[in-house]
Amino acid sequence: MIDRALLTDWIGRLVGGLTGLKDEGHFDEPYLDGTKGDYVSFDNWEWPQGVGLYGLAQLWLQTGDDKAKAILEAWYANQLAAGLPSQNVNTTAPMLALSLLWRKTRDEKWEAPRRDWADRSALSSATPIAPPLSVSLTSA
């Protein structure tokens, strides 16, 4: 069995590595819209960060780790101050951990961005693929 102190140390190192990630110009992967991408830095709203945020949320939810919760809250506060990004499959990933944060805390500051994201998603998918069928129910 793994010693709890050792496991806690390993998790702390992992969290420190995750939150310290920075793109130092070694990668040239554009975003879906063609602009310069940064899939590496922790301080970015993209799919890889969403995976890390989900891990942090699970760490907090499973262990009660207040540091993990504080990292989540600070990350979302900073990102939301800059405004929600454009929506695509990759930028949706960070919304999962935000939903978990809101579900556990019911803090209103996390509710508004969730609703905004959902509303924008609903509006962007409101265009039907095919015209609606016209059905008439009349008796002969």
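Note that these values count all heavy atoms, side chains included, but never hydrogens, waters or copies made by symmetry.
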Looking at [X] and [Y], what are the two nearest heavy atoms and their distance?
X    : Y   : value
T105 : W60 : CG2-CH2, 3.9 Å
Y39  : E46 : CE2-OE1, 3.2 Å
F42  : Q49 : O-CG, 3.5 Å
M95  : T91 : CG-O, 4.5 Å

TODO: Please step through side chain to side chain contact (heavy atoms under 4.5 Å, CB included) for the pair I2 and W10, ending with a clear verdict.
DONE: CA-CA 11 Å; I2 297 175; W10 288 347; 4.1 Å; yes
TODO: Identify whether W75 and L96 are in the same connected component of the hydrophobic contact network (ILVMFWY, side-chain heavy atoms under 4.5 Å).
DONE: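 Same hydrophobic cluster.
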Open item on the list: Pair W45, L80 - check side chain to side chain contact (heavy atoms under 4.5 Å, CB included), show working.
Closed with: CA-CA 10 Å; W45 189 296; L80 295 172; 4.2 Å; yes
Open item on the list: What I'd like to find out is whether the side chain of S121 reaches to under 4.5 Å of the side chain of W117, using heavy atoms alone.
Closed with: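 Yes. Closest side-chain heavy atoms under 4.5 Å.
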TODO: Would you mind reporting whether L18 and L56 have side-chain heavy atoms less than 4.5 Å apart?
DONE: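 Of all side-chain heavy-atom pairs linking L18 with L56, at least one is under 4.5 Å.
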Is the backbone of [Y] close enough, under 3.5 Å, to the side chain of [X] for a donor and an acceptor to pair up by distance?
X   : Y   : answer
Q79 : L84 : no
D9  : A5  : no
Y76 : P94 : yes

Task: Chi angles and distances behind the side chain to side chain contact (heavy atoms under 4.5 Å, CB included) call for D43, K22 - done: CA-CA 8 Å; D43 295 326; K22 297 283 181 218; 3.0 Å; yes
Open item on the list: If I take atom CZ from residue R103 and atom CG from residue L101, how far apart are they, to the nearest 0.5 angstrom?
Closed with: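 CG of L101 is found 11.0 Å from CZ of R103.
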Open item on the list: Please enumerate all residues that pass salt bridge (Lys or Arg N to Asp or Glu O under 4.0 Å) together with R115, with sequence neighbours excluded.
Closed with: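 By the salt bridge (Lys or Arg N to Asp or Glu O under 4.0 Å) rule, R115 matches E111.
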Which donor-acceptor pairs under 3.5 Å do side chains of residues 63-71 form with protein atoms, sequence neighbours excluded?
{"unit_1": "T63", "atom_1": "OG1", "unit_2": "L59", "atom_2": "O", "d": "2.5"}
{"unit_1": "T63", "atom_1": "OG1", "unit_2": "D65", "atom_2": "N", "d": "3.2"}
{"unit_1": "D65", "atom_1": "OD1", "unit_2": "K67", "atom_2": "N", "d": "2.8"}
{"unit_1": "D65", "atom_1": "OD1", "unit_2": "A68", "atom_2": "N", "d": "3.1"}

- [ ] Check the pair W47 / V89 against side chain to side chain contact (heavy atoms under 4.5 Å, CB included), numbers first and verdict last.
- [x] CA-CA 8 Å; W47 176 82; V89 67; over 6 Å; no
